[in-house]
Amino acid sequence: MNKQAVVAHILRDCFKVPKYRQGTAFAPANIALCKYWGKRDLELNLPTTSSLSISLGSFGAKTTLYLQEGASHDVVFVNGKEVKAESTFVQNLVAFLDLFRPSPFSFFQIETEVNIPIGAGLASSACGFAAVVGALNQLYGWQLSMSNLSILARLGSGSAARSFWHGFVEWNCGVEKNGMDSFGVSLCEKWPNLRIGLLIFNAAQKPISSRIAMQNTVLTSPFYKLWPEKQACDLNRLREAIQSQNFIVLGETAESNALAMHALMLTANPAFFYSEPQTIAAQHKIWHHRRLGLPLFFTQDAGPNLKLLFLEQDSEAIEEIFPELEIIAPFSTHEMHPEGASS
Ligand code: 2P0
């Protein structure tokens, strides 16, 4: 099955032309505590395993879409600056919007405000595609369910399936070939004193995209066959830790899951390593302070930056160790349903 068939199925009873002049939606970035690393279907971005994330509150993407009558191509602005049509970012977005044009000769103006570094392993493609889908939902007046929005966003980028909610989100891998059972689900538990610290060493575009790194790992790592079992175990531990608010189990499990993902990449051919010297130095620092009794953990995505996990009461001590830390309180936001979704 291809993307067009999934879109046609989801939008079978929906407006085919925009109902409004513009559509706007915000989607939060999300950080996986149990990672998505490997696909069972490359076309539909269907994952081999389920994953679980925490959203970053007001950090994310806000996108407005306009249909531009008479235009000859899409125009994309990020934070007020036009992005070149030749860039991979615009090409991916244009290919995604091809799925939703009222006619092949209709083009969009896309204006996105992003308050996290793009392409630095901070899940900007996730919130980017989720915000675009939310904005399309508004523009066309589709009033789609959250699960259908999540499925559509997954066609742009897998992790976007998790960017429609605040708080904890689980993305079920599903078993259906068409992926209609593979979408995000919001977990109801809140954890108000949980904190995420962004430790950004390098916000430049990463040299190898996670899409390529992920597929290369699946195809060449002799240890990839162990990954589904590790994921199932970590997912259970995380669910239990969230339910019982056991921070140590949450931190240990998330850190172990990230390290296992990076270990898999080291065993791929060619091997690749997203960490930089500063990443490793910070990891040692975290382990050192943990040995001294500080409950501090990290997770790392497809980039050199770290996301620290800790509790509010330890914020001051942790800021002393990492003064450059950007601290996020993921549950402080009042609006628990991002705009652009119907329920
Ligand atoms: C995650 N990452 O769970 C994992 C952990 C990066 C490391 O999802 O090919 O950009 O577009 O489906 O979603 C990044 O991969 O990949 C990612 P595609 P995506 O957050």
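Counting starts at 1 for both ligands and their atoms, in listed order. Quick caveat: nothing in here was measured; it's all calculated off a predicted structure.
D98 and K3 are not joined by a salt bridge, as no carboxylate oxygen comes within less than 4.0 angstrom of a charged side-chain nitrogen. The pair R195-D314 fails the salt-bridge criterion, with no side-chain N (NZ, NE, NH1 or NH2) lying under 4.0 Å from an Asp/Glu carboxylate O. Ionic pairing of K177 and D41 is not present here: no N-O contact between side-chain nitrogen and carboxylate oxygen is shorter than 4.0 angstrom.
Near M214, meaning under 4.0 Å from any of its heavy atoms, are these atoms of ligand 1: 15 (O), 16 (O). Of all atoms in ligand 1, listed by their number and element, those nearer than 4.0 Å to a heavy atom of S125 are 10 (O). The contact set between ligand 1 and R162, taken as ligand atoms under 4.0 Å from a residue heavy atom, comprises 1 (C), 3 (O), 20 (O). Shown in contact with S159 at under 4.0 Å from a heavy atom are these atoms of ligand 1, numbered in order with element: 8 (O), 13 (O), 19 (P). If you number the atoms of ligand 1 from 1 as listed, the ones under 4.0 Å from a heavy atom of M261 come out as 5 (C), 7 (C). Listed by atom number, the atoms of ligand 1 under 4.0 Å from N45 heavy atoms are 12 (O). Against a heavy-atom cut-off of under 4.0 Å, A32 is close to the following atoms of ligand 1: 1 (C), 3 (O), 20 (O). The atoms of ligand 1 that sit less than 4.0 Å from any heavy atom of G158 are 11 (O), 12 (O), 13 (O), 18 (P).
At a 4.0 Å heavy-atom cut-off, ligand 1 does not touch R154 at all.
Looking at N30, its side chain never comes within 3.5 Å of a backbone N or O of I54 through a donor-acceptor pair.
Residues passing the side chain to side chain contact (heavy atoms under 4.5 Å, CB included) test with I321, sequence neighbours excluded: K285, H289, L294. Applying the ring pair (Phe, Tyr, Trp, His ring centres under 6.0 Å) test to F247 and every residue at least two apart in sequence or in another chain returns F297.
The option with the heavy atom closest to atom 3 (O) of ligand 1, from among Y36, F129, W171, is Y36. Nearest to atom 14 (C) of ligand 1 by heavy-atom distance, out of S210, P47, A153, is S210.
Every N/O-N/O distance between W37 and ligand 1 stays at or above 3.5 Å. Looking at ligand 1, you won't find any N or O of S51 less than 3.5 Å from one of its N or O atoms. Taking distance alone, with nitrogen or oxygen atoms compared against 3.5 Å, R211 approaches ligand 1 more closely than that limit.
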For this session: Begin with the C-alpha distance, continue with both residues' side-chain angles, and end with the deciding distance and a verdict on side-chain contact (heavy atoms from CB on, under 4.5 Å) for M180 and I10.
Result: CA-CA 9 Å; M180 292 308 294; I10 289 179; 3.8 Å; yes
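No continuous path of hydrophobic side-chain contacts links F310 to V249 [ILVMFWY only; heavy atoms under 4.5 Å].
Ring planes of Y140 and W142: parallel class, angle under 30° (limits at 30 and 60°).
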